[in-house]
Structure formats: structure tokens, C-alpha cells
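Both backbone and side-chain heavy atoms feed into the values below; hydrogens, waters and symmetry mates do not.
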Amino acid sequence: GRFYTRVMLPLHPLSAQTQAAMAYGGLDVDAVTALIGLAIREDLLDGRDVTSEATIPAGQRSHGSFGARAEGVVAGLPVAAAVIEMLCGPEASEVRIVNGDGSRVSPGDVLATVTGPTSRLLTAERTALNFLCHLSGVATLTGQWVDAIEGTSAMVHDTRKTNPGMRSLEKYAVRCGGGVNHRMALSDMALVKDNHVVAAGGIEQAILQVKQLDPASQVEIEVDTLDALRVAIGAGVDEILIDNFSLDMMREAVAVRDRTRPEVRLEASGGLTSETARAVAQTGVDLIAVGELTHSARVLDIGLDLETVVE
């Protein structure tokens with residue numbers, strides 16, 4: 001932890017425009033800026049960017065752009081802008097969005113332009129790109145899944161399989177890609193999984209105990225057989241996660257649900273791929289849970305190129 005004790009470059013407050021962009025996306029400005037501050041401190045172990053200080057004349061300013069180098073969906077531009085503002089100062093820098101979050105881009109497309117002190121821009125570059133490339137990778141993968149089930153009634157949603165400290169941003173990126181968010185936190189709803197069922201002594205007992213603790217809570221339960229699904233429907237759950245069901249079992253699960261309690265949502269999970277997603281969606285399930293959206297997305301290749309030096 002030596003980077004927590006060394007003298008750091010001063011970090012500046014965000015502009016009202018960047019704060020508004022974060023809030024519009026459903027992000028907690030204070031939480032995101034705290035995370036950015038941690039990332040900057042991680043990158044500046046002794047408080048100095050030796051290379052930039054040595055090679056860039058004091059007072060030099062530059063203009064540049066964030067550009068896509070691959071096809072994908074953009075997410076995280078307000079976060080990248082925040083990195084630049086925190087290091088450069090909002091009065092000394094300007095970020096203009098060209099293709100905003102949720103946009104589909106191709107190689108060569110400009111995402112945003114930036115002007116600011118050259119040295120601080122290059123200090124901010126890697127941290128800004130780490131956020132922007134990762135979040136755009138999440139949005140891009142989500143978009144591929146959404147495209148795969150286009151025209152069906154099913155929706156693609158994420159899970160809690162997120163990187164520590166990154167949950168709100170990664171789930172934001174899922175929304176940028178056209179997916180929907182499941183639980184943000186354990187307190188959002190009850191999800192009774194196989195270990196809970198074992199500990200409680202059975203499906204009905206587990207559901208009863210949840211409802212006794214919090215009668216207003218939505219309750220979802222994981223099942224791996226059609227018999228368990230029937231028990232769960234009878235016990236009054238709101239949503240059922242059908243885990244590792246075959247397509248025929250999914251169709252039967254939908255039929256059972258429709259005959260008994262059609263308001264119960266069915267969520268398919270386990271062993272799914274974007275290649276099989278459409279067939280799964282066509283069984284009539286409501287949701288397709290995809291953990292890889294946040295835990296295995298490849299970054300989208302994006303670069304920051306300085307184009308001109310301005311006075």
C-alpha cells in the first residue's frame with residue numbers, strides 16, 4: 001500500500017456537465033469519482049509521471065481524440081471524461097462527445113475529442129482507456145446477445161458476477177448494450193439457490209422463511225428439475241431460475257407456468273451461448289441470464305491519439 005501514503009497530484013472536482021452525464025446514466029457520482037481516484041493513485045505510485053514530465057514542455061497543450069479501432073458499442077465516456085477532468089481540471093480541459101454511450105461504432109469512428117495540458121492528458125490516458133475499453137467491451141458483448149434474440153419477447157440480463165468495485169459501472173455498461181440489470185445487491189430481492197434450499201430443509205420451507213422475514217420482497221428460486229419448478233410455482237415465488245434445462249425442458253417449464261401461474265417470470269441460465277440464445281428465447285422464457293457479460297467480456301479496442309499541439 002505505499003501508493004496510499006505518498007504525495008499525490010491534486011485531483012480536481014468534476015464539471016457540472018460530467019456530473020450530469022453520470023447522473024443521467026444512473027451512476028452515483030461520488031462512488032465513481034472515488035473509484036477513479038483509487039485508479040489514479042494506483043497508477044501514480046510516487047505521485048509523478050516521470051516520462052511525461054521529462055518529455056513534454058511545461059505549459060504545452062494538445063488536442064486529440066478517442067477513436068474506435070474495432071466494431072462495438074460504446075460505454076464509459078463520462079467516466080473517461082471524469083478521469084481527464086480530475087487530473088487536468090475542468091477549466092483547463094474540454095471533452096466533447098461525438099458518439100456517446102450506447103452508440104454502435106466502427107474502426108476509425110471518433111468517440112470524443114479532448115483538449116488539455118499535454119502532460120496531464122498523457123498521465124490520464126491509460127486510466128481513462130482502462131475504464132472506457134472495459135466498459136465498452138461489456139456493452140459490446142451485451143449487444144451481441146441482444147442482437148441474437150432480436151424479435152423474441154425475451155430479455156438479456158446480467159448477474160452479480162462482476163469485478164470487485166466495478167458493479168455499478170459494469171451494470172451501466174450492460175444497459176448501454178441493450179441488456180437489463182438483475183440484482184444490484186443481495187438486498188434487492190431474494191434469490192434462493194440450491195444451498196439455501198438444503199440449509200432451509202426444502203423449497204417450500206426456504207420460500208416460507210424468506211416471506212416471513214420480508215413479506216414485501218420479491219422471491220426468485222433456482223430449480224434444476226420440472227418437479228421442483230412445480231413446487232416453486234405452488235409456493236408462490238415471483239421468478240424461477242431454470243438452471244441447465246434442455247430446450248424441451250424449457251418449453252415444458254413455460255407450458256407448466258402458463259397453465260398455473262402465468263405471471264411468474266422464467267429465467268434461463270447455465271451453459272448458454274450467444275449461438276444458442278435465440279433457440280432458448282424462442283421457448284418462451286422471459287429472461288436469459290448471462291454471467292459472461294461482466295466477468296468475461298473482452299475489451300473494445302479504443303485509442304487516444306494526440307493530433308495537434310495547441311498554444
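Val192 and Leu229 fall within the same hydrophobic cluster, where Ile, Leu, Val, Met, Phe, Trp and Tyr residues are linked whenever their side-chain heavy atoms come under 4.5 Å apart, directly or through other members. Cluster annotation: Val254 is connected to Leu226 through the hydrophobic network of ILVMFWY side chains, with a link wherever side-chain heavy atoms come within less than 4.5 Å. Note on Val197: it clusters hydrophobically with Phe245, by side-chain heavy-atom contacts below 4.5 Å among ILVMFWY residues. Both Met166 and Val32 are members of a single hydrophobic cluster when ILVMFWY side chains are connected at heavy-atom separations under 4.5 Å. In the hydrophobic cluster analysis, where Ile, Leu, Val, Met, Phe, Trp and Tyr join through side-chain heavy atoms closer than 4.5 angstrom, Val156 is grouped together with Leu247.
Contact annotation: the side chain of His182 approaches that of Glu239 to within less than 4.5 Å [non-hydrogen atoms, C-beta and beyond]. Using a 4.5 Å heavy-atom threshold, the side chains of Ile242 and Ile240 count as touching. The shortest distance between side-chain heavy atoms of Val138 and Val174 falls below 4.5 Å. With contacts defined as side-chain heavy-atom distances shorter than 4.5 Å, the pair Met86/Ile36 qualifies. Counting only heavy atoms from C-beta outward, the side chains of Leu11 and Leu87 approach each other to under 4.5 Å. Under the 4.5 Å side-chain criterion, counting only non-hydrogen atoms from C-beta, Thr115 is not in contact with Thr113. In this structure, Glu42 and Leu38 have side chains that are not in contact, with every pair of non-hydrogen atoms separated by 4.5 Å or more. Taking the side chain as every heavy atom from C-beta outward, Pro107 and Glu71 approach each other to under 4.5 Å.
Of the candidates Arg183, Lys171, Arg175, Lys171 is the only one forming a salt bridge (charged side-chain N to carboxylate O under 4.0 Å, His left out) with Asp158. For the side chain to side chain contact (heavy atoms under 4.5 Å, CB included) with Thr123, the lone residue among Val83, Asp49, Ile40 that qualifies is Asp49.
Closest approach of Ala81 to Thr18, counting heavy atoms only: CB-OG1, 4.1 Å. The heavy-atom pair separating Gly67 from Leu111 by the smallest distance is C-CD1, 4.2 Å. In terms of heavy atoms, Ala190 sits closest to Val210 at CB-CG1, 3.5 Å. When all heavy atoms of Arg61 and Ala92 are compared, the closest pair comes out as NH1-O, 2.7 Å. Residues Glu307 and Ser65 approach most closely at OE2-OG, 2.7 Å, considering heavy atoms. Residues Ile203 and Ile221 approach most closely at CG2-CD1, 3.5 Å, considering heavy atoms.
Within the 3.5 Å criterion, the main-chain N or O of Cys88 finds no donor-acceptor partner in the side chain of Ser93. Ser103 places no side-chain N or O within 3.5 Å of a backbone atom of Val74 that could act as its donor or acceptor partner. Counting only distance, with no hydrogens or angles, the side chain of His134 and the backbone of Phe131 share no donor-acceptor pair below 3.5 Å. Between the side chain of Asp101 and the main chain of Leu77, a donor-acceptor pair closer than 3.5 Å is present. Between the side chain of Thr276 and the backbone N or O of Leu272, no donor-acceptor pair lies under 3.5 Å. Side chain of Arg261 to main chain of Val256: no donor-acceptor pair is present (N/O by atom type, distance under 3.5 Å, no hydrogens or angles). Looking at Asp238, its side chain never comes within 3.5 Å of a backbone N or O of Gln218 through a donor-acceptor pair. The main-chain N or O of Ile149 is found under 3.5 Å from a side-chain atom of Thr152 such that the two form a donor-acceptor pair.
Salt-bridge annotation for Asp109 and Arg104: absent, with no side-chain N of the basic residue lying under 4.0 Å from a carboxylate O of the acidic one. For Arg69 and Asp305, the salt-bridge test passes: some basic side-chain N is under 4.0 Å from an acidic carboxylate O. A salt bridge links Asp286 with Arg257: the distance from a Lys NZ or Arg NE/NH1/NH2 to an Asp or Glu carboxylate oxygen falls below 4.0 Å. Taking the charged nitrogens against the carboxylate oxygens, Glu94 and Arg96 do have a contact shorter than 4.0 Å, which makes a salt bridge.
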Exercise for the section: Output, in order, the C-alpha distance, side-chain angles, deciding distance and verdict of side chain to side chain donor-acceptor pair (under 3.5 Å) for Gln60 and Thr118. Expected result: CA-CA 6 Å; Gln60 185 185 91; Thr118 307; 3.1 Å; yes
Practice task
Check step by step if side-chain contact (heavy atoms from CB on, under 4.5 Å) holds for Leu186 and Arg160.
Solution key: CA-CA 9 Å; Leu186 290 166; Arg160 285 173 39 251; 3.4 Å; yes
Exercise for the section: Using the side-chain contact (heavy atoms from CB on, under 4.5 Å) rule, take Val223 and Leu241 through it: C-alpha gap first, then chi angles, then the decisive distance, then the call. Expected result: CA-CA 6 Å; Val223 302; Leu241 187 158; over 6 Å; no
Exercise for the section: List the steps and the verdict of side-chain contact (heavy atoms from CB on, under 4.5 Å) for Glu292 and Val290. Expected result: CA-CA 6 Å; Glu292 74 170 8; Val290 188; 3.5 Å; yes
Exercise for the section: Apply side-chain contact (heavy atoms from CB on, under 4.5 Å) to the pair Asp43 and Arg41, showing each step before the final yes or no. Expected result: CA-CA 5 Å; Asp43 211 27; Arg41 289 177 174 87; over 6 Å; no
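Leu293 CG to Thr159 OG1: the interatomic distance, rounded to the nearest 0.5 Å, is 7.5 Å. Atoms CG and SG, from Leu300 and Cys133 in turn, are 6.5 Å apart once rounded to the nearest 0.5 Å. Note: Leu266 CG to Ile288 CD1 = 12.0 Å, rounded to the nearest 0.5 Å. To the nearest 0.5 Å, the span separating CD on Glu222 from CG on Asp194 amounts to 5.0 Å. Here Leu14 contributes atom CG and Glu85 contributes atom CD; the two are 5.5 Å apart, rounded to the nearest 0.5 Å. Between the OG1 atom in Thr162 and the CE atom in Met184 there is a gap of 9.0 Å [rounded to 0.5 Å].
Judged as a side-chain hydrogen bond (donor to acceptor under 3.5 Å, both in side chains), not a single pair has a partner in residues 23-39 (not counting sequence neighbours).
Remark: Leu304 pairs with Phe66, Val114, Glu125, Leu129 by the side chain to side chain contact (heavy atoms under 4.5 Å, CB included) rule, at least two apart or across chains.
Other residues, nucleotides and ligands place more than 12 heavy atoms under 6.0 Å from the CD atom of Glu252. More than 12 heavy atoms of other residues, nucleotides or ligands sit less than 6.0 Å from atom NZ of Lys211.
Between the side chains of His157 and Glu267, at least one donor-acceptor pair of N or O atoms lies under 3.5 Å.
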